[in-house]
Amino acid sequence: MSVEERLRDVKARIEKAERFSKRPAGSVTLVAVSKTFDAEDIRPVIAAGQRVFGENRVQESQGKWPKLKAETPNLELHLIGPLQSNKAADAVALFDVIETVDREKIARALADEIKKQGKAPKLYVQVNTGLEPQKAGIEPKETVAFVELCRRELGLSVEGLMCIPPAEENPGPHFALLAKLAKECGVEKLSMGMSGDFETAVEFGATSVRVGSAIFGSR
């Protein structure tokens, strides 16, 4: 299958999952995860109509996305990998959405840069639903208080939550937990689900799914 065919297939599967879950058509945004792929691999996906992309690393993104965004101005770029505080300035400058706000130090660095640059990316808080020590994300029990800190003390506009469930576990309970936390926080967006489980994520209320290998192929 070509990359265009794989993209069409993923979009069709999302639409089918929306219908199955009795959700409105178009209620789930596809974030095409282009990490490790270069601009030449990404251009055919843009040409096929995809406009929302996700990247893991700030530095890698700086090497390809300024030019791609100049060529196609209505692209939306999401940071979906861990963010170091020393990269906050670059992240605010380049990304439209930052999905990995997971600790106070990062939140403060972003607040400072947003004030300095006068540019405010949309922000999501990453939740470590599986309490995995090797994985980024705030603990579920701390999520509501952390979102409040971001909003009230730092003046940040948090619009959603994001999670990456443990690879060896059933993702459903993790997606359910994230949806419950989102209600408690008063946020509407849920970034959850990847190539292997995005249909399940749609059932549990995902508003965006992050799909890489099912579109671009294996890295």
Side-chain angles (χ1 to χ4, degrees), residues 6-7 9-23 27-37 52-57 78-84 97-104 106-107 122-147 150 158-219:
R6 289 197 294 266
L7 177 65
D9 178 62
V10 168
K11 286 182 172 176
R13 287 166 62 190
I14 290 171
E15 287 165 12
K16 187 177 176 184
E18 286 172 337
R19 288 195 301 274
F20 179 81
S21 306
K22 298 183 170 55
R23 296 183 57 190
S27 56
V28 180
T29 297
L30 170 60
V31 180
V33 179
S34 49
K35 65 179 184 181
T36 76
F37 288 97
V52 186
F53 291 84
E55 287 281 345
N56 262 40
R57 296 178 186 279
H78 291 228
L79 178 63
I80 58 172
L83 176 61
Q84 305 302 321
V97 183
I98 296 173
E99 298 197 11
T100 48
V101 183
D102 66 346
R103 58 198 186 280
E104 188 175 338
I106 284 294
K122 295 169 184 171
L123 302 177
Y124 288 54
V125 166
Q126 182 173 353
V127 183
N128 188 347
T129 57
L131 299 173
E132 296 175 276
Q134 81 282 11
K135 203 171 271 181
I138 197 140
E139 289 193 18
K141 66 183 181 187
E142 295 171 5
T143 303
V144 176
F146 180 64
V147 170
C150 290
V158 176
E159 74 163 32
L161 302 180
M162 181 268 241
C163 75
I164 306 169
E168 67 286 352
E169 291 185 22
N170 173 7
H174 295 273
F175 297 154
L177 172 59
L178 198 72
K180 175 177 169 284
L181 289 170
K183 280 200 178 105
E184 291 172 8
C185 294
V187 300
E188 294 184 356
K189 303 286 187 180
L190 286 169
S191 172
M192 54 192 196
M194 300 190 290
S195 286
D197 58 18
F198 67 84
E199 283 127 326
T200 304
V202 172
E203 286 178 48
F204 281 92
T207 56
S208 62
V209 294
R210 309 178 305 274
V211 180
S213 57
I215 297 169
F216 288 96
S218 54
R219 290 173 172 78

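Residue numbers count from 1 along this sequence.
With contacts defined as side-chain heavy-atom distances shorter than 4.5 Å, the pair F204/H174 does not qualify. Taking the side chain as every heavy atom from C-beta outward, L30 and V209 approach each other to under 4.5 Å. With contacts defined as side-chain heavy-atom distances shorter than 4.5 Å, the pair F175/D197 qualifies. At least one side-chain heavy atom of M162 sits under 4.5 Å from a side-chain heavy atom of R210. Looking only at side-chain heavy atoms (C-beta outward), Y124 and E159 come within less than 4.5 Å of each other. Side-chain contact between S27 and E18 is present, with heavy atoms from C-beta onward closer than 4.5 Å. Residues F146 and V101 form a side-chain contact, since some pair of their non-hydrogen atoms from C-beta on lies under 4.5 Å apart. Taking 4.5 Å as the limit, every side-chain heavy atom of N128 sits out of range of all side-chain heavy atoms of D102.
Between P165 and T129, the shortest heavy-atom distance links the atoms CA-OG1, 4.3 Å. The two residues K35 and E55 come nearest to each other via the heavy atoms CA-OE1, 3.3 Å. For the residue pair Q84 and I106, the shortest heavy atom distance occurs at C-CD1, 3.6 Å. Taking all atoms of both residues into account, the shortest heavy-atom contact from T143 to E139 is OG1-O, 3.1 Å. Shortest non-hydrogen contact noted between L181 and P140 is CD2-O, 3.6 Å. A214 and R6 get closest at one heavy-atom pair: O-CB, 3.3 Å.
Taking the six-membered ring for Trp and thresholds of 30 and 60 degrees, F37 and F216 have nearly parallel ring planes, at less than 30 degrees apart.
Between K180 and E184 there is a salt bridge, with a side-chain nitrogen of the basic residue lying less than 4.0 Å from a carboxylate oxygen of the acidic one.
Between atom CD1 of residue I138 and atom SG of residue C150 there is a gap of 7.5 Å, rounded to the nearest 0.5 Å.
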- Item | From CA spacing to verdict: side-chain contact (heavy atoms from CB on, under 4.5 Å), I164, M194 | CA-CA 8 Å; I164 306 169; M194 300 190 290; 3.6 Å; yes

- Checking side-chain contact (heavy atoms from CB on, under 4.5 Å) for the pair L161/V147: CA distance, chi angles, key distance, verdict? CA-CA 10 Å; L161 302 180; V147 170; 4.3 Å; yes

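With a 6.0 Å radius and a threshold of 12 heavy atoms from other residues, nucleotides or ligands, E188 has its CD atom at or below the threshold. Annotation: K11, atom NZ; neighbour count of heavy atoms from other residues, nucleotides and ligands within 6.0 Å is above 12.
For the pair T207 (side chain) and L190 (backbone), a donor-acceptor distance under 3.5 Å is present.
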